[in-house]
Amino acid sequence: MTEISAASLEARKRIRTDQPHTARIWNYWLGGKDNYPVDQAAGDQIRELHPGIGDYALADRQFLGRAVRYLAGRCGIRQFLDIGTGLPTADNTHEVAQRVAPESRVVYVDNDPIVLAHAEALLTSTPEGSTAYLDEDLRNIDAIFEQAAQTLDFSRPVALVLLGVVIFIEDDEEAYGVVRRLMDRLPSGSYLVLSHTITRPDMPDVDAAVAFWNENGTPKLTQRTPGAVSRFFEGLELLDPGVVSCNRWRPEEAAGELPAEVAMFGGVGRKP
């Protein structure tokens with residue numbers, strides 16, 4: 001823990017508190033405390049443009065929980081590589097997985113100094129399992145796998161979790177290429193869990209909110225259509241119900257009306 005704590009202290013020096021930041025605004029919408037007045041102000045302005053935007057954060061978080069529970073419980077996955085971790089809140093990947101299977105091993109990856117400063121909160125685990133944190137960029141695939149191999153066994157299936165992270169790669173081909181190369185490094189039987197903000201003609205207020213963010217915040221976001229999000233799963237066996245609003249991916253309510261759609265879509269695919 002000493003090395004991580006030193007890195008955490010160094011990271012705090014790089015945190016900008018005069019500029020709103022995506023991870024902190026997301027944390028604010030989720031009811032967290034790891035944010036600053038500048039993030040709260042931007043979050044409130046975005047919510048004025050699109051009143052339902054806070055629901056996206058909650059839907060994305062609940063999607064993560066359902067997907068991890070399904071993979072750990074129904075599919076027997078015991079290893080998770082969560083890239084683009086974001087700030088820790090309740091029910092992080094390792095907490096959900098180890099609740100189902102205490103021996104689960106989880107590696108978190110993020111290159112955000114804000115997240116690194118809170119890494120200690122993630123570095124907890126059941127005695128039977130293991131949890132680690134890597135300070136790396138999504139694009140540094142060789143470095144990620146080299147370091148993650150200290151915790152994960154890449155000869156066995158792994159669930160790759162990419163929630164709301166490829167939205168930060170503007171170029172489409174680069175974004176698809178990064179996800180493809182990550183999955184290429186994983187063995188058959190591995191899974192991809194991915195979510196992404198969408199753009200659609202019937203949701204113009206989402207575009208307005210993203211435009212406001214890209215003018216005032218960091219890092220910049222790139223929206224994609226639902227069809228473009230589905231492309232990330234090419235070559236994989238897409239689990240039902242496919243790529244849908246995160247609220248509608250295997251909702252916990254098995255009966256009754258579907259929950260409302262949000263412009264955060266997600267899906268889970270299995271590598272043959």
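Count residues from 1 along the sequence.
Closest heavy-atom contact between His196 and Val166: CD2-CG2, 3.5 Å. Pro226 approaches Thr199 most closely through the heavy-atom pair CD-O, 3.8 Å. Annotation for Val268 and Leu238: closest pair O-CD1, 3.5 Å, computed over non-hydrogen atoms. The shortest heavy-atom contact between Val165 and Gly84 is CG2-CA, 3.9 Å. Closest approach of Arg224 to Ile169, counting heavy atoms only: NH2-O, 2.7 Å. For the pair Asp137 and Ile144, the tightest heavy-atom approach, listed with the atom from each and the gap, is O-CD1, 3.4 Å.
Counting non-hydrogen atoms of other residues, nucleotides and ligands closer than 6.0 Å to CD of Glu128 gives a total above 12. The number of heavy atoms from other shown groups lying within 6.0 Å of CD (Glu174) is above 12.
A donor-acceptor pair under 3.5 Å is absent between the side-chain atoms of Glu103 and the main chain of Gly129, judged by distance alone. The main-chain N or O of Asp240 is found under 3.5 Å from a side-chain atom of Arg250 such that the two form a donor-acceptor pair. For Asp91 (side chain) and Val96 (main-chain N/O), no donor-acceptor pair under 3.5 Å exists by modelled atom type. Between the side chain of Asp39 and the backbone N or O of Tyr36, at least one donor-acceptor pair lies under 3.5 Å. In this structure, Gln98 contributes its side chain and Ser104 its backbone to a donor-acceptor pair below 3.5 Å. Judged purely by atom type and a 3.5 angstrom limit, Tyr133 uses its side chain to pair as donor or acceptor with the backbone of Asp110. A donor-acceptor pair under 3.5 Å is absent between the side-chain atoms of Asn140 and the main chain of Ala143, judged by distance alone. Side chain of Gln79 to main chain of Asp153: a donor-acceptor pair is present (N/O by atom type, distance under 3.5 Å, no hydrogens or angles). Ser195 places a side-chain N or O within donor-acceptor distance of the main-chain N or O of Gly164, the cut-off being under 3.5 Å.
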Would Leu162 and Phe232 count as a side-chain contact (heavy atoms from CB on, under 4.5 Å) here? Give the steps.
CA-CA 11 Å; Leu162 299 173; Phe232 286 106; over 6 Å; no
Intermediate values then yes/no, side-chain contact (heavy atoms from CB on, under 4.5 Å), Arg156 and Arg105:
CA-CA 12 Å; Arg156 299 171 53 214; Arg105 307 175 74 82; 5.7 Å; no
Using the rule given for side-chain contact (heavy atoms from CB on, under 4.5 Å), can you reason through Val206 versus Ile198, listing the C-alpha separation, both sets of side-chain angles and the distance that settles it, and then say yes or no?
CA-CA 8 Å; Val206 179; Ile198 65 156; over 6 Å; no
Could you go through the side-chain contact (heavy atoms from CB on, under 4.5 Å) check for Tyr108 and Asn92 one step at a time?
CA-CA 10 Å; Tyr108 294 103; Asn92 299 293; 3.4 Å; yes
The test is side-chain hydrogen bond (donor to acceptor under 3.5 Å, both in side chains); show your working for Thr124 and His94 and say whether it passes.
CA-CA 8 Å; Thr124 58; His94 74 282; 3.0 Å; yes
Candidate pair Asp142 and Arg181, rule salt bridge (charged side-chain N to carboxylate O under 4.0 Å, His left out), full reasoning
CA-CA 10 Å; Asp142 289 341; Arg181 290 197 301 276; over 6 Å; no
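When side chains are defined from C-beta on, Pro157 does not count as touching Tyr191, because their heavy atoms never get closer than 4.5 Å. Within the 4.5 Å cutoff, no side-chain heavy atoms of Gln147 are placed close to those of Val107. In this structure, Val229 and Leu194 have side chains that are in contact, with non-hydrogen atoms separated by less than 4.5 Å. For the pair Val109/Leu138, no side-chain contact is recorded, criterion being any heavy-atom separation below 4.5 Å from C-beta on.
Clustering ILVMFWY residues whenever any of their side-chain heavy atoms sit less than 4.5 angstrom apart, transitively, puts Val106 in a cluster other than the one holding Val100. Note: the hydrophobic cluster containing Phe154 also contains Leu236 (ILVMFWY, side chain heavy atoms under 4.5 Å, direct or indirect links).
For the atom pair CD of Glu170 and CG of Asp172, the computed distance is 9.0 Å after rounding to the nearest 0.5 Å. Rounding to the nearest 0.5 Å gives a distance of 15.5 Å between CG of Asp207 and CZ of Phe212. Rounding to the nearest 0.5 angstrom, the gap separating the NZ atom in Lys220 from the CD1 atom in Ile167 is 13.0 Å. Atoms CG and CD, on Leu134 and Glu146 in that order, are 10.5 Å from each other to the nearest 0.5 Å. For the atom pair CE of Met183 and CZ of Phe233, the computed distance is 9.5 Å after rounding to the nearest 0.5 Å. In this structure, the separation between OG on Ser245 and CG on Asn247 is 5.0 Å, given to the nearest 0.5 Å.
Ring geometry, Trp249 versus Phe63: the interplanar angle exceeds 60°, so the pair is classed perpendicular (tilted spans 30 to 60°).
With respect to the salt-bridge test (charged N to carboxylate O, under 4.0 angstrom), the residues Glu234 and Arg180 do not qualify.
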